[in-house]
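All values derive from a computational prediction rather than experimental measurement. In each ligand, atom 1 is the first atom listed, and ligand 1 is the first ligand listed. Here, residue 1 is the first one in the sequence, and each next residue gets the next number.
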Amino acid sequence: MIPKVVLLPGDGIGVEVTEAAKRVLKYVTEKFNVEFELVEKLVGGASYDKFGTPLTDETLQACFDSDAVLLGAVGGYKWENLQHNLKPEAALLKLRKALGLFANLRPAKVYPQLIDSSSLKKEVVEGTDFVVFRELTGGIYFGEPRGYNKEKGWNTMVYTRFEIERIARLAFESAAKRKREIVSVDKANVLECSQLWREVVNDVSKDFPNVNLKHMYVDNAAMQIVRDPKQFDVILTSNLFGDILSDISGIITGSIGMLPSASLGSKYALYEPVHGSAPDIAGKDRANPIAAISSVAMMLEHSFEMNKPAELIYSAIKKVIADGYRTQDINNGDCKLVGTRVMTDKIIENIEKIYNEQALGVFTL
Ligand code: NAD
């Protein structure tokens with residue numbers, strides 16, 4: 001069976017970085033003689049403009065029929081005043097829920113040559129390498145009741161044992177393969193919901209006696225990530241806290257334009273850069289495509305067990321950075337400033353170069 005990947009470029013720079021990701025995916029799969037079927041659909045504001053909804057049933061069905069989904073980003077000024085369920089971002093929440101993508105993985109790894117782009121001191125950030133496991137389909141973003149009127153706005157934070165247990169298990173499994181250190185982040189001193197979170201995480205930890213578990217309150221975790229990011233290996237947390245902590249983790253590694261993510265469920269998977277549609281730079285060939293291209297590598301690894309092509313992409317990215325090519329967001333002065341397209345060209349050139357050097361031969365699924 002030919003693997004099917006649905007591409008959802010979305011809005012703003014989502015379109016530009018997905019084009020870059022598509023070029024790399026096509027190049028690398030051709031190189032390894034693997035056929036992929038690529039299906040492209042509208043999502044977010046682009047879908048709203050054409051169909052009056054940010055996510056059509058047809059797009060959703062294409063995702064149900066897929067082996068993996070690759071998304072750019074959604075949103076923009078133009079759609080900011082739409083009612084909640086018509087906003088581009090509503091498509092993302094609906095997709096995550098419908099595909100059962102309960103775990104969002106966001107690696108935060110520092111490239112040595114980009115240390116100067118970090119807002120932190122070199123000695124603090126050097127060697128940072130951790131993953132945030134963010135619960136994605138529960139918590140306050142989905143809890144009912146929700147609403148607002150002129151006097152009051154309200155949302156509900158709710159988690160079930162089942163929801164906490166399945167993300168905790170994934171995070172522990174990952175920690176067991178890494179440095180066997182996990183920090184579970186909550187706000188159990190204030191929120192009952194977090195008390196259950198802590199209880200369930202403790203229960204799951206009994207099945208992983210070799211993994212060292214620590215609990216941390218979210219305010220302290222935010223502080224610790226900027227104070228000493230090297231202390232972390234795996235961070236496990238809920239939807240709201242994970243949203244914030246993974247952005248902090250992103251910025252300390254240099255730029256949000258470098259950060260890929262994977263959202264996994266028991267049946268489906270979606271890969272996307274961490275960043276949004278960046279309307280301030282959209283259409284200007286200024287977006288850093290590395291987050292989207294690294295998302296392709298994560299997809300090859302997690303959904304298709306194509307580790308060698310994934311490694312090739314990571315190596316090509318490292319080489320391009322080492323050669324001094326930079327998009328504006330990671331521009332640290334003495335470098336070759338390039339746009340989205342040239343950065344993608346350089347990555348593809350290096351994939352070719354490294355592939356030839358390694359003479360990897362033919363790789364089959
Ligand atoms: P953003 O991530 O789009 O941009 C934040 C800042 O980072 C901007 O200055 C932007 O220029 C810069 N930036 C982001 N990605 C970059 C890249 N690849 N290369 C270079 N610079 C980059 O966040 P925002 O401004 O808060 O949101 C803009 C829109 O995106 C909003 O409509 C928001 O709702 C939406 N959004 C979507 C997603 C998603 O689709 N997953 C995620 C976050 C925000």
Side-chain angles (χ1 to χ4, degrees), residues 7-21 24 41-49 54-55 59 69-82 84-97 99 101 104-106 114 117-119 132 134 136 141 239-240 242-263 270-296 317 321 325-332 335 337-344 347:
L7 299 172
L8 302 177
D11 309 314
I13 65 163
V15 177
E16 296 160 70
V17 298
T18 305
E19 180 56 33
V24 170
K41 297 279 175 198
L42 294 179
V43 74
S47 171
Y48 175 81
D49 285 350
L55 181 68
T59 299
V69 179
L70 196 61
L71 187 128
V74 297
Y77 309 132
K78 188 177 168 190
W79 305 284
E80 262 171 16
N81 295 320
L82 289 173
H84 187 68
N85 63 327
L86 295 179
K87 282 193 174 141
E89 293 78 2
L92 266 189
L93 298 187
K94 199 170 158 189
L95 258 179
R96 289 171 184 164
K97 194 81 182 170
L99 299 177
L101 308 174
N104 183 234
L105 278 64
R106 297 188 182 188
L114 291 184
S117 317
S118 172
S119 47
V132 179
R134 166 189 171 195
L136 203 60
Y141 291 171
N239 205 344
L240 172 65
D243 195 359
I244 300 161
L245 294 184
S246 46
D247 273 14
I248 301 176
S249 312
I251 211 61
I252 63 160
T253 63
S255 164
I256 199 161
M258 300 291 297
L259 296 173
S261 80
S263 301
L270 181 145
Y271 301 85
E272 59 179 322
V274 166
H275 61 76
S277 58
D280 53 334
I281 57 164
K284 296 180 180 161
D285 193 43
R286 280 178 59 192
N288 185 346
I290 292 178
I293 292 171
S294 303
S295 300
V296 169
I317 293 171
I321 297 291
Y325 292 99
R326 303 280 188 275
T327 40
Q328 184 61 50
D329 58 310
I330 49 172
N331 175 9
N332 48 6
C335 61
L337 192 60
V338 292
T340 314
R341 277 187 226 104
V342 174
M343 181 58 107
T344 311
I347 291 170

(Q) Less than 4.5 Å apart, side chain to side chain, heavy atoms only: is that true for Val24 and Thr344? (A) yes
Q) If you look at every heavy atom in Asp11 and Gly45, which pair is closest and at what distance? A) OD2-N, 2.8 Å
Q: Considering heavy atoms of the protein only, find what lies nearest to atom 19 (N) of ligand 1 and give residue, atom and distance to 0.1 Å.
A: Asn288 N, 2.8 Å
Q: Measure the CE-OG1 distance between Met343 and Thr327 for me, rounded to the nearest 0.5 Å.
A: 4.5 Å
Q. Can you tell me the protein heavy atom closest to atom 40 (O) of ligand 1 and the distance?
A. Val74 N, 2.8 Å
Q.
In the structure I gave you, are the side-chain heavy atoms of Leu259 and Arg106 within less than 4.5 Å of one another anywhere?
A. no
Q. Side chain, backbone, both or neither: which part of Pro279 comes within less than 4.0 Å of ligand 1 when only heavy atoms are counted?
A. side chain
Q: Ignoring hydrogens, tell whether any protein atom lies closer than 4.0 Å to atom 5 (C) of ligand 1; use the non-hydrogen atoms only.
A: no
Q: Would you confirm whether any non-hydrogen atom of the protein falls under 4.0 Å from atom 15 (N) of ligand 1?
A: yes
(Q) Under 3.5 Å between any N/O of Gly76 and any N/O of ligand 1: does that happen in this structure? (A) yes
Q: Using atom types as modelled and distance alone, determine if a side-chain donor or acceptor of Thr59 lies under 3.5 Å from a backbone N or O of Leu55.
A: no
Q | Atoms of ligand 1, numbered as shown, that sit under 4.0 Å from any heavy atom of Ile13 | A | 15 (N), 16 (C), 17 (C), 18 (N)
Q. Between the main-chain N or O of Pro289 and the side-chain N or O of Thr340, is there a donor-acceptor pair closer than 3.5 Å?
A. no
**Q.** Leu259, Leu92, Ile281, Ile330: member with heavy atom nearest to atom 39 (C) of ligand 1
**A.** Leu92
Q. So, does Asp285 use its side chain to make a donor-acceptor pair with the main chain of Gly339 at under 3.5 Å?
A. no
Q: Please determine if Asp49 and Lys78 form a salt bridge, counting it only when a charged side-chain N lies under 4.0 Å from a carboxylate O.
A: yes
Q. For atom 30 (O) of ligand 1, which of Ser277, Ala278, Pro273, Gly75 has the closest heavy atom?
A. Ser277
Q | Under-4.0 Å heavy-atom contact between protein and atom 24 (P) of ligand 1 | A | no
Q) Heavy atoms only: which of Glu16, Glu89, Glu80, Lys87 is nearest to atom 33 (C) of ligand 1? A) Glu89
Q) Is Asp280 near ligand 1, meaning one of its heavy atoms is under 4.0 Å from it? A) yes
(Q) Quick check on Ile256 - does any of its heavy atoms sit under 4.0 Å from an atom of ligand 1? (A) yes
Q: Using heavy-atom distances, let me know which of Asp329, Leu71, Asp243 sits nearest atom 20 (C) of ligand 1.
A: Asp329
Q) In terms of atom number and element, which parts of ligand 1 are under 4.0 angstrom from non-hydrogen atoms of Ala287? A) 19 (N)
Q.
Within ligand 1, which atoms have a heavy atom of Glu272 less than 4.0 Å away?
A. 41 (N)
Q) Less than 3.5 Å between some nitrogen or oxygen of His275 and one of ligand 1, yes or no? A) yes
Q.
Under 4.0 Å from a heavy atom of Ala73: which atoms of ligand 1 are those, numbered in the order shown and with their elements?
A. 40 (O)
**Q.** ligand 1 atoms in contact with Gly276 (distance to a heavy atom under 4.0 Å)
**A.** 1 (P), 2 (O), 3 (O), 30 (O), 36 (N), 37 (C), 38 (C), 42 (C), 43 (C), 44 (C)
(Q) So, 4.0 Å and heavy atoms of Ala291: is ligand 1 close enough to count as a contact? (A) no
Q | 4.0 Å protein heavy-atom contact status of atom 27 (O) of ligand 1, strictly under | A | no
(Q) Whether the side chain of Arg326 engages the backbone of Val338 through a donor-acceptor N/O pair (distance < 3.5 Å, no angle test) should be reported. (A) no
Q: Show which atoms of ligand 1 fall inside a sub-4.0 Å distance from at least one heavy-atom site of Gly257.
A: 17 (C), 18 (N)
(Q) Minimum heavy-atom separation for Val69 and Leu99, please, with both atom names. (A) CG2-CD1, 4.4 Å
